[in-house]
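The structure under discussion appears below in the form of structure tokens.
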Amino acid sequence: MNAGNYDTEDLIAALATPFAASALAVIRCSGDGSISTVSRCFSEPDLLINADHGRLVHGLFLHPDTSEPLDDVVLGVYRAPGGYTGEDSVEVFCHGSLPGIEAILKALSKAGFRDALPGEFTFRAFLHGKIDLTRAEAVQEIVSSKSGKAHRFALNRLSGALFDRIEQVKQRLADILSILEVQLDYAEDEIGGEVSIPLDQAEEAMEHISQLAQSYRTGRMFHEGASIAFAGKTNAGKSSLFNLFLKEDRSIVSEVHGTTRDYIESWISIEGMPARLFDTAGVRDAFDAVEQEGIRRSLDIVQKSDLVLHVFDGITGMNEQEAQFFQQQLGNPSYLFLWNKADSPHAMEAPEGTIAVSALTAQGFHELEQTVLGRLLGNRAASIEQEQVMIDSLRQKELLDRASDALKMFLKASDEQMPVDILASELHDALDALGQLTGEVTSDDILERIFSGFCVGK
Ligand SMILES: Nc1nc2c(ncn2[C@@H]2O[C@H](COP(=O)(O)OP(=O)(O)OP(=O)(O)O)[C@@H](O)[C@H]2O)c(=O)[nH]1
Ligand SMILES: [Mg+2]
């Protein structure tokens with residue numbers, strides 16, 4: 001079977017580590033006949049050809065035509081159906097020298113390997129039934145995870161936790177469907193009156209599916225990170241608070257108004273959740289065009305961010321404009337209002353609806369972090385630690401929504417005593433969506449789209 005550009009009969013090879021000078025590099029080779037083809041580039045061909053699955057063989061990597069030695073290497077041998085791809089494959093552990101890597105890749109191409117496309121090794125693993133689609137996507141999510149927690153959640157999906165959950169739901173729906181199909185296949189008198197449909201099972205299945213779908217927002221936040229921007233007028237202490245979050249002196253702080261003239265960004269981690277934090281230019285009637293442009297860009301960043309930390313100067317208090325803005329946005333879930341400089345004896349009391357903080361003494365900082373987390377994750381913040389399975393793929397979310405909608409229709413139709421074939425068709429729809437999620441029934445172009453987002457060598 002082929003999907004789009006992936007020709008699965010070919011021998012493929014690719015560098016699996018970054019193309020950069022390093023101690024070691026790994027080149028992956030896979031395909032039926034790959035072991036004997038690599039042996040043509042190896043000083044110990046018999047050792048390699050006779051090596052069992054999972055063995056390492058040491059020798060020289062040679063040019064297949066000239067036998068010129070290219071590097072001292074160790075080869076890892078995998079035999080079908082073992083290994084990552086489920087087909088015969090070899091991993092070349094060589095020195096991480098750029099000319100050396102290039103020479104080995106060229107030699108492999110000469111021997112008959114073509115360059116692997118992004119995600120092609122994982123695609124083959126999927127085709128050979130080594131992994132389902134939820135696990136394949138988890139592979140990519142692990143590689144691109146930005147925080148320890150995102151990595152842990154993806155690892156959990158790779159272990160099959162998401163797949164198992166979905167299989168359980170599918171099993172339940174299939175059981176209900178079989179009851180309906182008996183009714184469709186036989187006349188009522190043949191099966192002795194009406195058979196009751198276990199609606200509670202369908203409701204429970206729907207509950208499981210919606211829970212998974214709802215975990216998307218949190219999963220995405222942990223995977224991609226949220227964007228958080230400081231805003232407020234000049235000298236309020238935005239840069240000082242920005243530095244406090246970063247735990248380093250990154251943004252310039254001074255008592256001069258208009259110190260920050262452009263936005264600055266940096267990645268931070270709030271209790272394991274990655275976030276892009278932006279310091280912005282303070283808003284005021286700027287004198288010059290450069291500052292005006294900085295303010296314009298900053299307002300743009302603020303508008304696009306998931307959460308705005310609007311900083312008030314606790315010593316000067318709010319001016320009229322700020323007071324008006326505060327009243328307008330008080331209930332806006334995308335805004336948190338900070339009353340900074342709370343350490344100062346000249347600071348006024350923090351008005352209700354603001355969080356008293358001090359960039360100088362870090363007073364209120366822990367509470368601020370918790371509040372930020374709560375705002376971004378909603379009521380799920382507290383349950384993250386217990387959360388077993390989470391999704392962070394939009395594709396998976398859409399399919400779960402489709403399954404959940406179909407089940408809703410099923411329950412409604414059953415409530416309205418609709419004919420059995422209509423009920424069965426809704427269940428089929430739900431099962432189809434779940435089947436697409438695990439990759440049991442997925443069209444080639446969707447497969448190609450998923451795997452082409454991977455890195456080369458994965
Ligand atoms: N006492 C006290 N002073 C602070 C605090 N935070 C900031 N400041 C002082 O306030 C002044 C302005 O701080 P910045 O962090 O540069 O303020 P900003 O909002 O980034 O200002 P612009 O970049 O001009 O928009 C500096 O002199 C800081 O030392 C605080 O929590 N307590
Ligand atoms: Mg600043």
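In this structure the side chain of Glu271 reaches within 4.5 angstrom of the side chain of Gln370, judged on heavy atoms. Between Val143 and Cys455 there is a side-chain heavy-atom pair separated by less than 4.5 Å. Side-chain contact between Val283 and Thr234 is absent, with no heavy atoms from C-beta onward closer than 4.5 Å. Between Glu91 and Leu75 the shortest side-chain heavy-atom distance does not fall below 4.5 Å. By the 4.5 Å heavy-atom criterion applied to side chains, Tyr84 and Ser89 are not counted as neighbours. A 4.5 Å side-chain heavy-atom check between Phe113 and Ile12 finds every atom pair outside the cut-off. The shortest distance between side-chain heavy atoms of Leu241 and Ser239 does not fall below 4.5 Å. Side-chain contact between Leu277 and Trp267 is absent, with no heavy atoms from C-beta onward closer than 4.5 Å.
Across Pro69 and Leu60, no two heavy atoms sit closer than the pair CB-CD1, 4.3 Å. Closest non-hydrogen pair, Lys130 versus Gly83, comes out as CE-O, 3.0 Å. Shortest non-hydrogen contact noted between Ser393 and Glu141 is CB-OE2, 4.0 Å. Minimum interatomic distance between Leu423 and Phe410 (heavy atoms only, all atoms of both residues): O-CD1, 3.5 Å. In terms of heavy-atom proximity, Ser404 sits nearest to Ser210 at OG-OG, 4.2 Å. Across all non-hydrogen atoms, the minimal contact from Thr37 to Gly33 is OG1-O, 2.7 Å.
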Determine, stepwise, if the pair Thr8 / Leu127 fulfils side chain to side chain contact (heavy atoms under 4.5 Å, CB included).
-> CA-CA 9 Å; Thr8 55; Leu127 273 195; 3.3 Å; yes
Starting from the C-alpha separation in whole Å, work towards a yes-or-no answer on salt bridge (Lys or Arg N to Asp or Glu O under 4.0 Å) for Glu293 and Arg297.
-> CA-CA 6 Å; Glu293 178 59 17; Arg297 289 184 191 196; 2.9 Å; yes
Verdict with reasoning, Asp405 to Arg402, per salt bridge (Lys or Arg N to Asp or Glu O under 4.0 Å) | CA-CA 5 Å; Asp405 286 349; Arg402 218 186 90 193; over 6 Å; no
Ile101/Phe19 under side chain to side chain contact (heavy atoms under 4.5 Å, CB included): CA gap, chis, key distance, verdict | CA-CA 8 Å; Ile101 293 168; Phe19 187 58; 4.1 Å; yes
CA sep, side-chain torsions, deciding dist, call: Arg284, Glu291, salt bridge (Lys or Arg N to Asp or Glu O under 4.0 Å) = CA-CA 9 Å; Arg284 64 167 174 173; Glu291 189 178 349; 2.9 Å; yes
Go through the steps to decide whether Leu117 and Val456 satisfy the test side chain to side chain contact (heavy atoms under 4.5 Å, CB included), and finish with yes or no.
-> CA-CA 6 Å; Leu117 296 165; Val456 172; over 6 Å; no
Yes or no on salt bridge (Lys or Arg N to Asp or Glu O under 4.0 Å) for Glu120 and Arg114, after CA distance, side-chain angles and deciding distance?
-> CA-CA 12 Å; Glu120 202 165 5; Arg114 74 161 161 82; 2.7 Å; yes
Going through the distances and angles, do Leu108 and Cys29 end up as a side chain to side chain contact (heavy atoms under 4.5 Å, CB included)?
-> CA-CA 9 Å; Leu108 286 169; Cys29 312; 3.8 Å; yes
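Atom CZ of Arg55 has 12 or fewer neighbouring heavy atoms from other residues, nucleotides or ligands inside a 6.0 Å radius. Few gaps surround CG on Leu98; more than 12 heavy atoms of other groups in view lie less than 6.0 Å from it. By the neighbour-count criterion of 12 heavy atoms within 6.0 Å, atom CG of Asp175 is densely surrounded, having more than that number from other residues, nucleotides or ligands. Under a cut-off of 6.0 angstrom, the local environment of CG in Asp32 is sparse, with at most 12 non-hydrogen atoms contributed by other residues, nucleotides or ligands.
Considering CD1 of Ile268 and CD1 of Ile228, their distance stands at 5.0 Å, rounded to 0.5 Å. Between Phe230 atom CZ and Thr280 atom OG1 the span is 9.0 Å, to the nearest 0.5 Å. Rounded to the nearest 0.5 Å, atoms CG (Asn235) and OG (Ser240) are 8.5 Å apart. The line from CG of Leu407 to CD1 of Ile209 is 5.0 Å long, rounded to the nearest 0.5 Å. Atoms CZ and CD, from Phe242 and Glu248 in turn, are 8.0 Å apart once rounded to the nearest 0.5 Å. To the nearest 0.5 Å, atom CG of residue Leu376 and atom OG1 of residue Thr218 are 10.0 Å apart.
No side-chain donor-acceptor contact under 3.5 Å links Ser34 and Asp88. In summary, the side chains of Thr85 and Ser30 do present a donor paired with an acceptor at a separation below 3.5 Å, with no hydrogens or angles considered. Checked by atom type, the side-chain pair His223/Ser144 shows a donor-acceptor distance below 3.5 Å. Between the side chains of Gln396 and Tyr216, no donor N or O sits under 3.5 Å from an acceptor N or O. A donor-acceptor pair shorter than 3.5 Å cannot be found between the side chains of Asp164 and Gln168. A donor-acceptor contact closer than 3.5 angstrom links the side chains of Asp279 and Ser251. Judged by distance alone, the side chains of Thr361 and Ser358 do bring a donor and an acceptor atom under 3.5 Å apart.
Salt bridge present: Lys170 and Glu440 bring a charged side-chain N and a carboxylate O closer than 4.0 Å. Using a cutoff of 4.0 Å between basic side-chain nitrogens and carboxylate oxygens, Glu87 and Arg79 are not scored as salt-bridged. A salt bridge links Asp401 and Lys397; the closest N-O separation between the charged side-chain nitrogens and carboxylate oxygens is under 4.0 Å. Here Arg250 does not pair with Glu265 in a salt bridge; the nearest charged N to carboxylate O distance is not below 4.0 Å.
Listed by first and then second residue, the salt bridge (charged side-chain N to carboxylate O under 4.0 Å, His left out) pairs involving residues 207-220 are Arg220-Glu224 (not counting sequence neighbours).
Residues Phe121 and Phe454 place their aromatic rings such that the two centres sit no closer than 6.0 Å.
Judged by distance alone, with hydrogens and angles left aside, the side-chain atoms of Thr122 form no donor-acceptor pair with the main-chain N or O of Ala136 at under 3.5 Å. A donor-acceptor pair is defined here as one N or O able to donate and one able to accept, closer than 3.5 Å; no such pair exists between the side chain of Ser39 and the backbone of Ile49.
Within the cation-pi definition used here (under 6.0 Å to the ring centroid, within 45° of the axis), Lys458 does not qualify as a partner of Phe451. Taking the ring centre of Phe163 as origin, the terminal cationic atom of Arg157 falls outside the region bounded by 6.0 Å and 45° from the ring axis. Within the cation-pi definition used here (under 6.0 Å to the ring centroid, within 45° of the axis), Arg375 does not qualify as a partner of Tyr335.
Of the residues listed (Leu437, Ile450, Thr438, Leu162), the one engaging Leu133 in a side chain to side chain contact (heavy atoms under 4.5 Å, CB included) is Ile450, and it is the only one. Each of Leu338, Leu336, Val357 was compared with Val311 under the side chain to side chain contact (heavy atoms under 4.5 Å, CB included) criterion, and only Leu338 meets it.
The aromatic rings of Phe337 and His310 sit tilted relative to each other, their planes meeting at an angle between 30° and 60°.
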